[in-house]
Amino acid sequence: MAEVSQDDIERLAARVAMLVSDDGEAANAGRAVGQLARRLGLSGGDLKELFLTGSLSGGRKPPEPTVDAQQEIATLKRNLRRLEHVVHNLQEERDRLVAEAGSLRVGMYRARANRKLRLGLIGLGALIVLGGGWAVAYLDFDLAPRTPPRREAPAGLAGTGTTAVVRSARGTLYSEPDKASAPVSFVPIGTRLPLRRLVWNMMTQWAEVDLNGKTAFVPTTEIEMF
C-alpha cells in the first residue's frame with residue numbers, strides 16, 4: 001500500500017459515505033471512490049483492508065504483548081492490589097484514630113467537669129468551715145468543759161432568802177454550771193434549796209444553790225424560784 005496521508009483518507013471516507021445515497025448519487029460516488037483510490041495507488045484489496053481494520057496497517061492485528069510485557073503487567077496488577085490493601089488498612093487506621101480522638105475529647109471534657117465540681121465542693125466546704133468558725137467565735141461556743149466566769153447575782157436576789165424549788169422528777173445538781181461537769185447529787189421533785197445567785201454559761205441560765213453547805217448548780221429550767 002502506498003503512503004497515504006490522513007487528508008487523503010478523509011476525502012476517500014467522504015466519498016465512500018455517499019455510496020448509500022440515491023441511485024444517481026451513489027453511482028457518481030462509486031466512480032469517485034474508484035478514481036480517488038487509483039490516484040492514491042490503492043487497490044481493491046487495500047480498500048477492503050481499510051474497511052475491515054479501519055487503519056493503514058495492512059490488515060495486521062495488534063501485536064500480542066511479549067512475555068516480558070505480560071510479566072510486567074502481572075507485576076503491576078499485584079502492586080496495585082497491594083496498594084489497595086495498604087490504602088484500605090490506612091483508612092481503617094484513620095477511622096480508629098478518629099474514634100479514639102473523640103473518646104479522648106469526651107474524657108477530657110468529663111475530667112474538666114469533675115475537676116470543676118471538686119473545686120466547687122472544696123470551696124463550699126471551706127465556706128462552711130469558715131462560717132462555722134465565725135459562728136463559734138461569735139457565739140463563744142466551746143464544747144470542752146471549762147470553768148465559766150461567775151457573775152454577780154441580780155440586784156435584790158442575793159441575801160434575800162430566795163428559794164429554788166425543784167420541779168423536775170429527778171433534779172440533777174452539778175458541780176459547775178455545765179452539764180458536762182460531774183453531778184454532785186440527785187434530788188426529788190419539790191425539794192427546796194436556798195438560792196444564792198444566777199449565772200450564765202453557754203447561753204443557759206443556771207442557779208447556784210446551797211446543798212448542805214456545799215455549792216451546787218442547777219438549770220433554771222428545772223426549778224421555780226420563790
Side-chain angles (χ1 to χ4, degrees), residues 86 88-226:
V86 170
H88 179 72
N89 291 338
L90 290 176
Q91 289 176 345
E92 289 184 347
E93 183 68 15
R94 179 203 60 192
D95 296 340
R96 185 181 63 82
L97 292 175
V98 169
E100 289 181 356
S103 299
L104 289 175
R105 283 195 295 268
V106 172
M108 181 177 63
Y109 295 150
R110 288 179 178 175
R112 289 179 178 176
N114 292 334
R115 183 166 61 251
K116 291 181 179 179
L117 179 60
R118 287 196 298 270
L119 291 177
L121 293 176
I122 291 173
L124 181 60
L127 289 176
I128 293 175
V129 171
L130 292 176
W134 175 85
V136 170
Y138 182 78
L139 298 174
D140 193 23
F141 183 76
D142 187 4
L143 296 178
R146 58 188 176 88
T147 302
R150 296 187 179 182
R151 302 179 183 180
E152 295 296 331
L157 180 61
T160 60
T162 303
T163 302
V165 179
V166 178
R167 64 181 178 181
S168 61
R170 187 169 181 261
T172 304
L173 304 182
Y174 298 89
S175 59
E176 299 292 341
D178 191 338
K179 289 188 176 182
S181 62
V184 296
S185 179
F186 299 97
V187 294
I189 186 172
T191 301
R192 293 177 175 270
L193 299 170
L195 179 61
R196 294 181 177 178
R197 61 173 180 164
L198 299 177
V199 296
W200 286 87
N201 181 31
M202 296 172 61
M203 302 181 66
T204 302
Q205 190 179 39
W206 292 76
E208 181 180 340
V209 298
D210 185 0
L211 179 64
N212 300 324
K214 296 181 180 180
T215 300
F217 296 88
V218 61
T220 57
T221 57
E222 297 183 8
I223 62 173
E224 291 183 1
M225 293 176 289
F226 297 94

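None of these values were measured; they are calculated from a predicted model. All values below were derived from every heavy atom in this structure, side-chain atoms included, with hydrogens, water molecules and symmetry-related copies excluded.
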Nearest 0.5 angstrom please: T215 OG1 to D210 CG, how far? 6.5 Å
Straight-line distance of T163 OG1 to F226 CZ, nearest 0.5 Å: 9.0 Å
Residue pair M225 / L198, side-chain heavy-atom distance below 4.5 Å: yes
Checking I189 against V165 for the side chain to side chain contact (heavy atoms under 4.5 Å, CB included) test, could you report, in this order, the C-alpha distance in whole Å, the side-chain angles of both residues, the deciding distance, and whether it holds? CA-CA 8 Å; I189 186 172; V165 179; over 6 Å; no
Electrostatic pair E100-R96, nearest N-O below 4.0 angstrom: yes
Can you name the closest pair of heavy atoms from M202 and D178 and give their distance? SD-OD2, 4.1 Å
Do N201 and W206 have side chains that get closer than 4.5 Å, going by heavy atoms? yes
Is any side-chain heavy atom of K179 closer than 4.5 Å to one of P219? yes
Tell me if the CZ atom of R110 is crowded by more than 12 foreign heavy atoms within 6.0 Å. no
4.5 Å side-chain heavy-atom contact, V209 and V218: yes
Closest non-hydrogen atoms of R167 and T220, given as atom of the first, atom of the second and distance, are NH2-O, 4.2 Å
Rounded to the nearest 0.5 angstrom, the CG-CG distance for D95 and L90 is 11.0 Å
Heavy-atom donor-acceptor pair, S181 side chain to P177 backbone, under 3.5 Å: no
Looking at every heavy atom in both A207 and I223, which two are closest together, and how far apart are they? CB-CD1, 3.5 Å
So do L97 and R94 actually touch side chain to side chain, heavy atoms under 4.5 Å? no
Looking only at heavy atoms, the pair that brings L195 and E208 closest together is CD1-O, 3.5 Å
What closest approach, in Å, do L211 and A216 show between heavy atoms, and which atom pair accounts for it? CB-CB, 4.4 Å
Got a second to check how far T204's OG1 is from F217's CZ, nearest 0.5 Å? 13.5 Å
Say you draw a straight line from CD of E93 to NE2 of H88; how long is it, rounded to the nearest 0.5 Å? 12.0 Å
Atom pair OG (S168) and CD (E224), whose distance is rounded to the nearest 0.5 Å: 10.5 Å
